[in-house]
Number of protein chains: 2
Amino acid sequence: MTDKFTVYLVDDDPGVLKALSRLLRAKGHDVKPYSSPQVFLEEHDVGVPGCAVLDVSMPGLDGLEIQRVLTVANGYHRPVVFVTGKSDIPTSVRAMKAGAIDFLTKPIKDKDLFEAVSRAEARDAESRRLHSELESMQAKVGTLTPREREVLTHVVAGRLNKQIAGDLGTVEKTIKVHRSRMMEKLGIRTVADLVRMAEKLNLSR
Amino acid sequence: MTDKFTVYLVDDDPGVLKALSRLLRAKGHDVKPYSSPQVFLEEHDVGVPGCAVLDVSMPGLDGLEIQRVLTVANGYHRPVVFVTGKSDIPTSVRAMKAGAIDFLTKPIKDKDLFEAVSRAEARDAESRRLHSELESMQAKVGTLTPREREVLTHVVAGRLNKQIAGDLGTVEKTIKVHRSRMMEKLGIRTVADLVRMAEKLNLSR
DNA sequence: CGTCGAGTTGGCCCTTGGGCCAATAGGTAC
DNA sequence: GTACCTATTGGCCCAAGGGCCAACTCGACG
C-alpha cells in the first residue's frame, strides 16, 4: 500500500530476520535487516522516514535500550514496534510507556505486524510534518535581531506599540519599525498568524 | 502527600481489596472499594477527582471493558491503573494502548502502586484543569449570536473588517459592531487572546 | 399590538497600525 | 577606514480599529 517507507528490522535470529524481511518487502516496504543492534544504531539515519521493528531480547543491547537511544535524538521519536518470542508483562508495559507503537508476541500474525507498521508509518509522517514545520518557523525566527524578537513576544502578548515602547524604553515609532521588519522576515501578514506561530513555538513564555 | 483524591478500587478478591484499601488510605487517599464492577460503574461519578485501580480479570465485566466505558464519557478520561494476578502480554499491551496509566502484576510492590496512583493523580488534575478551562470558554462562545460567531472566525483568520464585511455581504460598520460585542461577551481585549482561545477550541476550522 | 433581541447602518472622532523617506549612532567585519 | 548591520527617531500620510449616539427592520413572544 505504500513505498519509500523504510523498516529497520533488528533481530539476532537470522531466520526471523529473513522471514519478516520477506513479509514486509512483499508489502512494499523498504526493509533494512540487522542482526546486530550495534550495527543498526551506527547505520541508522533519523532523516529517513521509517520505523524500527525490534526484537526485545538481544545480546548486548536489548530492544528497550535501543528504544531509549532512538528516542533521545532531537525531539523526533523514531516509531518502534517490538516483537518478542519470550518476554513478560513488565517489559511490555515499560515499552509501551516509552511510546512503543506495539509489542507483538511470537508467533506474530502478519496482520498484526502490518497494522503496527502502518500505524508507525502514520505517526512517523505526522511527526515529520510537524517537525519540519517547526524547523522552518524556527529558522525564520532565528533571522530576527534580538530587538525584533523582544518586540515579537510583546506583540504576541497583545500589547500596543505604545506600551511595548514604554517597556523597552524607547518610542512607538521605533517599535513600529522593528515590528514591521519582524513580520516581513517571518513572512507573516497578520497578527493572528503571528500568534499561532508563537503558540506552536512556545514563544509566549 | 495528598488528600481529597479518590481511588476507585475494583477487585473481586475481598482480600486484595482490603489490603490495597489499607495501603492507599494510609497514603492519604480517599478509597472507594468495590468487589463488583457493575456496582462500581453505577456509583462512579466522573465529577470526582480521582483514578480507578482495576483488577484485569473479573467475572462479568473485565478491567478492559470498564476502561472502555470510563473512556467513552465526554472527552474526559478517568485515569486507570490495572492490577493483575494472572494476565498476558497482549492484554497488557491493549490496556496501555487504551491509555492506562500502568499495568501492575501481583505481587504488587507498594512503591509501584503509589507511583502509578501519583501519576494518575497528576494526569487527572491536568485533564480537569484543561477541561474546565475549555468549558468556561465554550460557555462564553455559546452566548454569542450566530453572526458574532461568524465574525469571530473571520477575525481569527486574520481578515480585515472590510474583507469580512464583503464575505458576509454587509458593510464594515456592521462588522465593527458585531466584533466589539463579541469581544465584550468573551471578556477578551486583544486579538492575540482571541486567537489563542480559538486555537484551544479549534474554532479556526 | 407592543416589546425585545438580533442584525443593520450612518455619522463623528480618536487611537493604532503601518508604509515611505531620511538621518544618526555604535559596533563589527573585511 | 569603509561598508554593513542593528537600533533609533522624525515627519507625513493613509488605512484600520473601535467607542458613542441614534435609528431602522424583522421575527418571536406575550
Side-chain angles (χ1 to χ4, degrees), chain A residues 135-201 203-205, chain B residues 135-201 203-205:
Chain A
E135 287 227 320
S136 85
M137 288 195 295
Q138 280 177 322
K140 287 177 189 166
V141 172
T143 69
L144 298 182
T145 67
R147 210 50 164 171
E148 285 162 356
R149 219 170 322 232
E150 283 184 290
V151 172
L152 185 161
T153 67
H154 281 78
V155 171
V156 167
R159 302 186 62 74
L160 301 179
N161 288 341
K162 192 194 296 183
Q163 301 173 312
I164 301 175
D167 293 344
L168 301 188
T170 179
V171 296
E172 186 180 352
K173 178 64 210 192
T174 305
I175 301 304
K176 283 189 179 182
V177 175
H178 287 314
R179 182 171 179 161
S180 165
R181 285 208 264 260
M182 178 262 287
M183 298 291 276
E184 169 69 29
K185 286 185 183 175
L186 296 181
I188 282 180
R189 308 185 65 82
T190 74
V191 180
D193 288 335
L194 184 68
V195 172
R196 271 187 283 271
M197 192 207 73
E199 283 294 293
K200 286 178 186 167
L201 294 181
L203 292 182
S204 13
R205 300 149 252 173
Chain B
E135 288 226 320
S136 85
M137 289 195 294
Q138 281 177 322
K140 287 177 189 166
V141 172
T143 69
L144 299 182
T145 66
R147 208 53 162 168
E148 286 162 355
R149 219 171 324 234
E150 282 183 293
V151 172
L152 185 161
T153 67
H154 281 78
V155 170
V156 168
R159 303 188 59 75
L160 301 178
N161 289 340
K162 193 195 297 182
Q163 301 174 313
I164 301 175
D167 293 344
L168 301 188
T170 179
V171 296
E172 186 180 353
K173 178 66 210 191
T174 306
I175 301 304
K176 283 189 179 182
V177 175
H178 287 315
R179 182 170 180 163
S180 166
R181 286 208 264 260
M182 178 263 287
M183 297 292 275
E184 170 69 29
K185 286 185 183 175
L186 297 181
I188 281 179
R189 307 184 67 81
T190 74
V191 181
D193 289 334
L194 184 68
V195 172
R196 271 186 283 271
M197 192 206 74
E199 282 295 293
K200 285 178 185 166
L201 294 180
L203 293 181
S204 13
R205 302 149 252 174

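Bear in mind that the values here come from a model prediction, so they are computed numbers and not experimental data.
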**Asked** Which nucleotides of nucleotides 22-30 of chain C have their base under 4.0 Å from a protein heavy atom (B), which only their sugar-phosphate (S), and which neither (-), written as one string 5' to 3'?
**Response** ---------
**Request:** Specify the separation, in whole Å, of atom CD1 of B:I175 and atom P of C:dT8.
**Result:** 7 Å
**Request:** Provide, to the nearest angstrom, the distance between the CD1 atom belonging to B:I188 and the P atom belonging to D:dG18.
**Result:** 13 Å
**Request:** Count the heavy atoms of every other residue, nucleotide or ligand shown that sit under 6.0 Å from CD of B:E184, and state whether that count exceeds 12.
**Result:** no
**Asked** How would you list, by chain and number, every residue that makes a side-chain hydrogen bond (donor to acceptor under 3.5 Å, both in side chains) with A:K140, sequence neighbours excluded?
**Response** none
**Prompt:** Please give, in whole Å, the distance from C:dT8 P to B:L168 CG?
**Reply:** 8 Å
**Prompt:** Which whole-number value in Å describes the distance from B:M182 CE to C:dG7 P?
**Reply:** 13 Å
In residues 144-151 of chain A, what donor-acceptor pairs under 3.5 Å come from side-chain atoms, sequence neighbours left out?
from, atom 1, to, atom 2, distance (Å)
A:T145, OG1, A:E148, N, 3.2
A:T145, OG1, A:E148, OE1, 3.4
A:R147, NH1, A:E150, OE1, 2.9
A:R147, NH2, A:L168, O, 3.0
A:E148, OE1, A:T145, N, 2.9
A:E148, OE1, A:K185, NZ, 2.9
A:R149, NH1, A:V141, O, 3.3
A:R149, NH2, A:L144, O, 2.7

**Prompt:** How many angstroms lie between atom CD1 of B:I164 and atom OG1 of B:T153, to the nearest 0.5 angstrom?
**Reply:** 8.0 Å
**Fill in**
A:A165 and A:V171 have their tightest heavy-atom pair at CB-C, 3.4 Å
**Counterpart residues, salt bridge (charged side-chain N to carboxylate O under 4.0 Å, His left out), relative to A:R196 (two or more places apart)** = A:D193, B:E199
**Prompt:** A:M197 and A:I188: which non-hydrogen atoms are nearest, and at how many Å?
**Reply:** SD-CD1, 3.9 Å
**Request:** Please list, chain by chain and in numerical order, all residues satisfying side-chain hydrogen bond (donor to acceptor under 3.5 Å, both in side chains) with A:K200, sequence neighbours excluded.
**Result:** A:E133
**Nearest non-hydrogen partners of B:V191 and B:M183, listed with the distance** = N-CE, 4.2 Å
**Item:** Interatomic distance, B:L144 CG vs C:dG5 P [rounded to whole Å]
**Value:** 17 Å
**Prompt:** If you look at every heavy atom in B:A192 and A:V156, which pair is closest and at what distance?
**Reply:** CB-O, 3.3 Å
Which protein N or O atoms sit under 3.5 Å from an N or O of nucleotides 15-19 of chain C?
from, atom 1, to, atom 2, distance (Å)
C:dT16, OP1, A:K162, NZ, 3.4
C:dT16, OP2, A:K162, NZ, 2.8
C:dG17, OP2, A:N161, N, 3.2
C:dG17, OP2, A:N161, ND2, 3.3
C:dG17, N7, A:K176, NZ, 3.2
C:dG18, OP2, A:R179, NE, 2.7
C:dG18, N7, A:K176, NZ, 2.4
C:dG18, O6, A:K176, NZ, 3.1
C:dG19, OP2, A:S180, OG, 3.0
C:dG19, O6, A:K173, NZ, 3.4

**Request:** Could you list all the salt bridge (charged side-chain N to carboxylate O under 4.0 Å, His left out) pairs where at least one residue sits in residues 167-176 of chain B, not counting sequence neighbours?
**Result:** B:R159-B:D167
Scan nucleotides 3-7 of chain D against the protein and return all N/O pairs shorter than 3.5 Å with their distances rounded to 0.1 Å.
from, atom 1, to, atom 2, distance (Å)
D:dA7, OP1, A:T145, OG1, 3.4
D:dA7, OP1, A:R147, N, 3.1
D:dA7, OP2, A:T145, OG1, 2.3

